[in-house]
Number of protein chains: 2
Amino acid sequence: MPASQQHDHNHCITTAMDTARSLCEERGLRMTPVRRRVLELVWQNHKPTGAYDLLAQLTEEGFNSAPPTVYRALDFLLELGVVHRISSLNAFVGCDHPGHEHDTGFFICKECGNATELPASEIKKLHETLLKKFGFSIESSNHELTGLCQNCKATS
Amino acid sequence: MPASQQHDHNHCITTAMDTARSLCEERGLRMTPVRRRVLELVWQNHKPTGAYDLLAQLTEEGFNSAPPTVYRALDFLLELGVVHRISSLNAFVGCDHPGHEHDTGFFICKECGNATELPASEIKKLHETLLKKFGFSIESSNHELTGLCQNCKATS
DNA sequence: CGTAAAATTGCAACATTATAACCTAAGGAC
DNA sequence: GTCCTTAGGTTATAATGTTGCAATTTTACG
């Protein structure tokens, strides 16, 4: 589901929460209230959210939260693979297709702010080329692109 | 000059400084002492350097420096295109081939720490594919890969 | 030259993002 | 229940980056 398009966002959220829950079960990990709520907040939309924004929302909702609370929850969710960090924005965004290790690549629309995950296949292809041509053995990669998404191009 | 290989690093430095100077002349900009020194420090090696590390070195050398001093110099050098920022490391590294706009892509070796710039052609190819397949009009991009460089693979 | 405008730097304070250390509480195993 | 592990609360602090303003230097130009 490209973030740039109209869609039933409730579906995004319930899918993400379901996936996270079953990943936890598989691995014997706990989806606690704070972790669940942080994941829901990250999934409020497809825009990357800062840790302190999340913290403010938690506090409003009555969670007794301080920075470590949020960062610990985010670390857990990153580790679980259901959230990614976008380092050029110091912000976090939900993962479209968790459940298997994959490199992160995002297209961030500077108009609507949505971050859409790039297909792993394209990233993989790039890695193969770089290995073949330059001998780089890539263990992980992070790609952050900005520009206009198809939707915003059409309506501008 | 791939950063991973043995090389005459003085040559890297003098080339970088010369290029920066002529870019300034072309554009009517000033290569002041602080800016020059920051660029030299960034080019001490091929490892990304943090702003506060640069600041510490400047201070040691008797520059009356505070954070804004370094960040302003870095902004200038980034704008000039002779330095790049690696956001996953909050660090800065010299640019191999300044003088024309280009997207940044780095391979960072987790053994030796060197950051080698990826060939613009590969980045461009990726962008074209993403535009064709997904309609993303990419204005800028930042690619940060980690792994083992050819050199470190050989000697480990 | 001399002066005004612009660019650069010095400086102090502050903002934002992230982590450390230590303790308490909750949940599961036996 | 008791022990052990994990999670969260709390305080403080580290690391990175920015704002605003004054002082200085450089440049432009009459």
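Just so it is clear, the model here is predicted, and its values are computed rather than measured. Protein chains get the first letters and strands the later ones, always in sequence-line order, with residue 1 at the start of each.
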Test: [X] and [Y] ion pair at under 4.0 Å:
X	Y	result
A:Glu111	A:Lys153	no
A:Arg21	A:Asp18	yes
A:Glu40	A:Arg37	yes

Rounded distance (Å) that lies between atom [atom2] of [N] and atom [atom1] of [X]:
X	N	atom1	atom2	value
A:Arg35	D:dG9	CZ	P	11 Å
A:Leu55	C:dT17	CG	C1'	11 Å
A:Met31	D:dA7	CE	P	11 Å
B:Asn90	C:dT16	CG	C1'	12 Å
B:Asp53	D:dA15	CG	P	10 Å
B:Phe76	C:dT9	CZ	C1'	14 Å
B:Arg36	C:dT9	CZ	P	11 Å

B:Arg30 side-chain N/O to C:dA7 phosphate OP1/OP2 under 4.0 Å: no
Aromatic ring of A:Tyr52 stacked on base six-ring of C:dT17, 5.5 Å, 30°: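 A:Tyr52 vs C:dT17: stacking yes.
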Point-to-point distance, once rounded to the nearest 0.5 Å, from OG of A:Ser140 to NE2 of A:His127: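 Here the rounded value is 8.0 Å.
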Residue-level proximity of residues 56-75 of chain B to DNA chain C when a heavy atom falls under 4.0 Å: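 Per residue number, the list reads B:Asn64, B:Pro68, B:Thr69, B:Arg72.
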Connected hydrophobic set around A:Leu89, excluding itself, where side chains approach under 4.5 Å: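 Via sub-4.5 Å side-chain contacts, A:Leu89 links to A:Ile86, A:Val93, A:Phe106, A:Ile108.
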Aromatic ring proximity, centroids under 6.0 angstrom, B:His11 and B:His9: no
